[in-house]
Amino acid sequence: MINIRENRCDYCGVCVSVCPVDCIEVREYSIEIDHPVCIDCDLCVEICPIEVLETHAQE
Amino acid sequence: MLKNKYDVVVVGGGPAGSMAAWEAAKGGVSVCMLEKDRDIGYPVRCGEAVGESGLRQFVEIEDSWIAEKITSVKLVSPNLTSVDIDFAAETGYILNRRIFDYDLSRYAANAGAEVYTKAYVKNVLTNNGQTNGVVLDYLGEEKQIQAKIVIGADGLTSRVGRWAGLRTLVRMKDMESAVQYSVSNVDIEPNKMIMYIGMNHAPGGYIWVFPKGKKFANIGIGISGKYSKHKSAQKYLDEFMDREYPDAAILTTMCGGVPCAKPMEKPVANGIMLVGDAAHQINPMTGGGIVAGMKGGWIAGQVAAEAIQNDDYSEKGLLEYPKRMRKDFGKNHERFYKIKEATEKLTSEELDSIAEKVLSIPHDKRTLTSVFKAAVFKKPTLIIDVLKVFAGV
Ligand SMILES: Cc1cc2nc3c(=O)[nH]c(=O)nc-3n(C[C@H](O)[C@H](O)[C@H](O)COP(=O)(O)OP(=O)(O)OC[C@H]3O[C@@H](n4cnc5c(N)ncnc54)[C@H](O)[C@@H]3O)c2cc1C
Ligand code: SF4
Ligand code: SF4
């Protein structure tokens with residue numbers, strides 16, 4: 001599962017542009033991940049320039 | 001007031017969107033441009049560097065857009081060998097995009113396009129494989145707008161294209177992960193841009209220092225998504241700032257991405273066209289996308305107006321747009337992409353020795369071509385790669 005540390009986020013949308021299943025939505029001041037659709041590929045975590053996203057181990 | 005029907009709906013109010021809306025409106029069709037943010041032109045996610053001749057193709061340049069005139073570039077190699085090169089014919093500018101983008105949208109509006117902000121498009125409408133409108137949240141209310149043509153100018157996320165069935169996804173290695181600081185209290189030479197290259201500075205990209213008036217600059221970095229997993233763009237930039245500008249005051253931090261991919265071959269389908277970053281219209285070597293996106297919007301807006309006059313907004317009718325685009329500079333970008341791939345293979349040692357070699361050329365004889373010649377001298381295989389590019393292999 002991807003964890004969003006939203007108070008760090010700049011809402012730039014780079015994560016959206018690399019998400020293979022289009023499950024991230026970024027608006028002017030919000031970001032949301034559609035977790036059931038997410039395939040945990042971590043590309044969004046890798047591309048975020050300011051380390052907003054992190055991988056959360058599944059319990 | 002926002003209506004529920006237009007000939008053309010443009011999604012996104014950046015330079016590409018404004019140019020498309022402007023040209024379509026000039027062509028006499030009804031146009032509406034939708035921008036999700038509160039302001040056109042803000043936040044600025046850009047180094048704001050642009051060439052004068054590029055801009056002049058479309059507009060008279062206003063003084064208020066220009067923060068700094070650029071007449072030379074300093075290239076800094078991995079071991080900090082630095083080479084100054086004066087621009088021969090070309091002048092560059094560092095823009096105030098906040099004002100520039102705003103003015104472009106005004107030009108579109110003055111030509112008759114309707115412009116709405118706080119208008120977030122969340123899907124496209126389709127009928128029998130033909131895109132024919134958008135669904136949006138406007139001031140907290142869901143609305144639908146019918147359109148003969150939707151132009152996706154929604155920047156690097158390019159979701160409008162995805163929803164319409166176009167392949168807009170960018171591979172990680174072609175996506176630059178970027179951060180930029182607006183900094184004050186830095187001592188920098190006026191009229192000169194600085195670029196730091198090499199794996200230690202910015203793997204698969206570069207660090208830029210673009211002056212914006214006295215003691216003020218845009219300092220940023222782009223690194224390839226191929227390398228961003230282990231160390232983020234911001235970490236590289238912070239190390240650089242600590243080393244080069246420890247006393248800088250960071251007034252703004254912003255981040256973004258630059259799709260340095262090949263331009264999309266077919267940025268159109270039935271009832272839909274993509275322009276600007278959304279169609280990867282960026283010089284893949286420099287990451288410059290202002291002029292390329294304006295050109296995309298400019299041509300797409302004209303073709304959209306013609307298509308509506310001819311009552312044919314099928315994919316076939318809209319293919320005229322990529323055709324004109326390719327004629328203009330699409331091919332160049334494919335070449336630049338191949339050169340980017342070739343120069344990426346240069347090691348840090350090779351870059352350092354190229355810099356040394358260029359330093360031996362007298363300052364007034366140095367041009368970007370001489371840098372290139374030095375590069376080829378140091379690594380003859382590069383010439384094969386470049387020849388391949390120009391031979392189109
Ligand atoms: C850090 C950085 C530095 C750069 N430096 C330079 C440079 O020095 N020189 C240069 O030429 N280029 C530079 N670029 C590239 C340049 O910024 C872009 O190529 C250019 O802005 C593309 O214009 P555009 O109109 O296609 O997209 P954008 O300017 O990104 O505009 C897209 C607009 O669409 C809106 N939007 C997105 N989704 C929706 C939606 N669903 N509904 C409604 N609106 C939406 C966005 O809010 C945005 O306003 C840089 C890019 C970055 C990230
Ligand atoms: S890439 Fe990072 S900063 Fe940008 S929108 Fe995604 S999470 Fe936020
Ligand atoms: S982990 Fe992959 S699928 Fe999930 S949100 Fe990130 S990019 Fe999308």
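Below, chain A is the first sequence line, B the second, and so on; all start at residue 1.
Counting heavy-atom neighbours within 6.0 Å of B:Glu239 CD, excluding the residue itself, gives a total above 12. With a 6.0 Å radius and a threshold of 12 heavy atoms from other residues, nucleotides or ligands, B:Arg243 has its CZ atom above the threshold. Around OH of B:Tyr138, the count of heavy atoms belonging to other residues, nucleotides or ligands within 6.0 Å exceeds 12. Surrounding CD of A:Glu32 are at most 12 heavy atoms belonging to other residues, nucleotides or ligands under 6.0 Å away. Annotation: B:Lys262, atom NZ; neighbour count of heavy atoms from other residues, nucleotides and ligands within 6.0 Å does not exceed 12.
For a residue to count as touching a neighbouring chain, one of its non-hydrogen atoms must lie under 4.5 Å from one of that chain's; by this rule A:Cys15 does not touch chain B. Of the two parts of B:Arg38, the backbone and the side chain both hold a non-hydrogen atom closer than 4.5 Å to a non-hydrogen atom of chain A. Contacts between B:Ser158 and chain A at a heavy-atom distance below 4.5 Å are absent for every atom of the residue.
Taking 4.5 Å as the limit, every side-chain heavy atom of B:Lys229 sits out of range of all side-chain heavy atoms of A:Val45. With contacts defined as side-chain heavy-atom distances shorter than 4.5 Å, the pair A:Val26/B:Thr157 does not qualify. Contact of the A:Ile47 side chain with the B:Ser228 side chain is registered, since non-hydrogen atoms from C-beta on lie closer than 4.5 Å. Inter-residue side-chain proximity for B:His230 and A:Glu46 is flagged as unmet; no heavy-atom pair is nearer than 4.5 Å. In this structure, B:Gln234 and A:Pro49 have side chains that are not in contact, with every pair of non-hydrogen atoms separated by 4.5 Å or more.
Rounding to the nearest 0.5 angstrom, the gap separating the OH atom in A:Tyr29 from the CG atom in B:Asp37 is 7.0 Å. For the atom pair A:Arg8 CZ and B:Thr253 OG1, the distance stands at 11.0 Å (nearest 0.5 Å). Summarising the geometry, atom OG1 belonging to B:Thr168 is positioned 8.0 Å from atom CG belonging to A:Asp22; distances are rounded to the nearest 0.5 Å. The distance from the CZ atom of B:Arg162 to the SG atom of A:Cys19 is 6.0 Å, given to the nearest 0.5 Å. One finds the CD1 atom of A:Ile50 at 12.0 Å from the NZ atom of B:Lys235 (value rounded to the nearest 0.5 Å).
Between A:Ser17 and B:Leu156, the shortest heavy-atom distance links the atoms CB-O, 3.3 Å. Taking every heavy atom of both residues into account, B:Arg159 and A:Val16 meet most closely at CD-CG1, 3.6 Å. A:Cys12 approaches B:Gly256 most closely through the heavy-atom pair CB-CA, 3.9 Å.
A donor-acceptor pair under 3.5 Å links the side-chain atoms of A:Asp10 to the main chain of B:Cys255, judged by distance alone.
Contact count versus chain A (heavy atoms, under 4.5 Å) is highest, among B:Gly155, B:Pro259, B:Ser232, B:Pro43, for B:Ser232.
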TODO: Evaluate the criterion salt bridge (Lys or Arg N to Asp or Glu O under 4.0 Å) for residue pair B:Lys122 and A:Glu25; output intermediate values, then yes/no.
DONE: CA-CA 9 Å; B:Lys122 56 183 184 182; A:Glu25 179 160 88; over 6 Å; no
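Taking 4.0 Å as the cut-off between side-chain N and carboxylate O, A:Arg27 and B:Asp137 count as a salt-bridged pair.
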